[in-house]
Amino acid sequence: MNVLKKYSLSSTDGVYEFIRRENDYFKSNTRLTVTEIGNGNMNYVYRIEDKLSGKSYIVKYAGEHTRISEDIPVSTDRIKIEAYMLMKQSKFVSEYIPRIYLFDEKRSCILMEDCRDYTILRDSLVKYDIFPEFSDQISTYLVKSILPTSEIILSKPEKNQLEQQFLNPHLCEITKTYVFTEPFDALSEMNDIFIPNKEYIEKEIFADKNLLQEIKRLKDDFFNKKQALLHGDLHTGSIFINSTSIAIFDFEFAFYGPIGFDLGNLIANLIFAWLHAEADVQKTEFINWMEETVASVIDLFRFKFKHEFLRVSGKDSKDSEVDIDHYLDTIISDTASYAGVELIRRVVGLAHVKDITSITPVDKRIRTERIAIDIAKSIIFKNTKFIKGIDFTNLINRILLLHNENA
Ligand code: SR1
Ligand code: MG
């Protein structure tokens with residue numbers, strides 16, 4: 001019997017058999033239990049606990065179709081990308097990623113560190129937990145992981161080699177479908193629209209020719225603007241956090257693309273957390289922190305990226321061939337655009353975020369989705385005006401005010 005079938009890792013029994021018989025990582029004097037802990041769209045995630053030593057590990061298994069639907073086939077190459085990414089990033093940002101212990105390509109699985117002292121950032125944000133260090137930590141992670149792989153640091157042959165290693169056509173195709181195409185297609189049957197907002201979405205998204213044209217440009221850039229090696233799906237569900245640290249995970253969408261794509265996804269998901277709290281009127285302290293966080297993620301990223309670039313290249317601003325301030329301006333305007341795309345696709349498309357879907361009563365969710373769409377359109381259309389953090393927060397506050405006045 002094919003070993004893959006014999007030990008199908010889509011069940012806890014299969015995982016148990018695999019770790020007991022098919023690898024020698026675990027010694028025989030252990031008492032192991034296996035629990036499925038993941039609830040993501042794509043993969044199966046299990047916690048392996050050794051009851052004798054108290055140690056625990058994670059097994060992540062990538063099946064031949066998505067975890068949410070057997071009707072969506074998806075290449076198992078994604079686990080290879082994830083393993084390579086964890087290995088690559090361990091060179092630059094080992095303090096911000098889970099440790100990888102074993103990669104079994106034949107069985108499409110990874111054994112890695114269990115970040116059990118952390119929570120998922122999105123889960124904490126919907127409970128209004130505050131993490132004062134987050135913008136400093138995430139901006140350091142972004143700069144230290146992105147800059148060394150970027151077109152402004154690597155030589156052409158070095159960059160080509162890395163680009164080839166991280167070609168990820170299948171997962172980029174998923175992003176093309178679920179991020180850039182279906183949420184902008186009036187006839188799509190893959191969207192999941194909140195019915196009370198159907199007309200609003202038809203008018204503001206599907207009927208807006210200028211918007212659709214801009215989305216097409218951003219989709220082209222997603223494939224062609226190969227600036228650096230990116231996470232590819234950097235939302236608040238891909239970040240573990242606790243009071244002292246963060247750990248970034250889920251690297252299966254990694255690819256060479258526009259730097260603003262990662263930063264934009266992150267900013268959009270912070271905006272969702274802000275809007276979730278804003279729908280709940282009592283949450284002033286959290287809202288203030290969210291506003292400060294959106295602004296400082298942008299400003300700290302800019303500051304650290306420039307500083308690190310000049311340090312690594314050994315030049316000062318005027319001697320460098322790269323106009324770093326201009327380069328950063330374009331990254332931040334791309335960030336605005338891709339944040340807009342993420343805000344729209346999470347409202348209109350198949351993959352929602354609980355920051356929005358958990359809002360009750362219905363009237364508040366209707367209003368919040370419309371605010372997200374209005375913010376998205378403004379930042380996409382005026383993307384070149386977004387240079388500093390305050391440009392984002394001023395716009396968000398202005399749109400919130402408009403909706404309050406019209407309420
Ligand atoms: C089929 S669902 C696709 C989405 O799930 C992942 O988490 C990515 O965000 C992707 O866009
Ligand atoms: Mg993911």
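What you see below is based on every heavy atom in this structure, not just the backbone, and it leaves out hydrogens, waters and symmetry mates. First listed ligand is number 1; within each ligand, the first listed atom is number 1.
Nearest N, O or S atom of Asp250 to the Mg ion (ligand 2): atom OD2.
The heavy atom nearest to atom 11 (O) of ligand 1, out of those in Glu252, Met42, Arg345, is found in Arg345.
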Salt bridge (Lys or Arg N to Asp or Glu O under 4.0 Å) between Lys60 and Asp250, worked out: CA-CA 10 Å; Lys60 180 167 183 179; Asp250 253 4; 2.3 Å; yes
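Using a 4.0 Å cut-off between heavy atoms, Arg67 makes no contact with ligand 1 at all. Only the side chain of Arg346 comes within 4.0 Å of ligand 1, counting heavy atoms alone; its backbone N, CA, C and O stay farther away.
Within the 4.0 Å heavy-atom shell around ligand 1 one finds Asn41. A heavy-atom separation below 4.0 Å is found between Asp233 and ligand 1. Using a 4.0 Å heavy-atom cutoff, Met190 is absent from the residues neighbouring ligand 1.
Aromatic pair His231/Phe253: ring centres not closer than 6.0 Å. The aromatic ring centres of Phe249 and Phe240 sit less than 6.0 Å apart. Taking the six-membered ring where the residue is Trp, the centroids of Phe166 and Phe255 are separated by 6.0 Å or more.
Between His276 and Tyr128, the angle of the ring planes stays under 30°, which puts this pair in the parallel group of the 30/60° scheme.
For the pair Arg217 and Asp221, the salt-bridge criterion is met [side-chain N within less than 4.0 Å of a carboxylate O].
Cation-pi geometry between Arg365 and Phe194 is met: the NZ or CZ atom falls under 6.0 Å from the ring centre, inside 45° of the normal.
Not one N/O/S atom of Glu252, from backbone or side chain, sits under 2.8 Å from the Mg ion (ligand 2).
For ligand 1, the polar-atom distance check finds no N/O of Thr66 at less than 3.5 Å from any of the ligand's N/O atoms.
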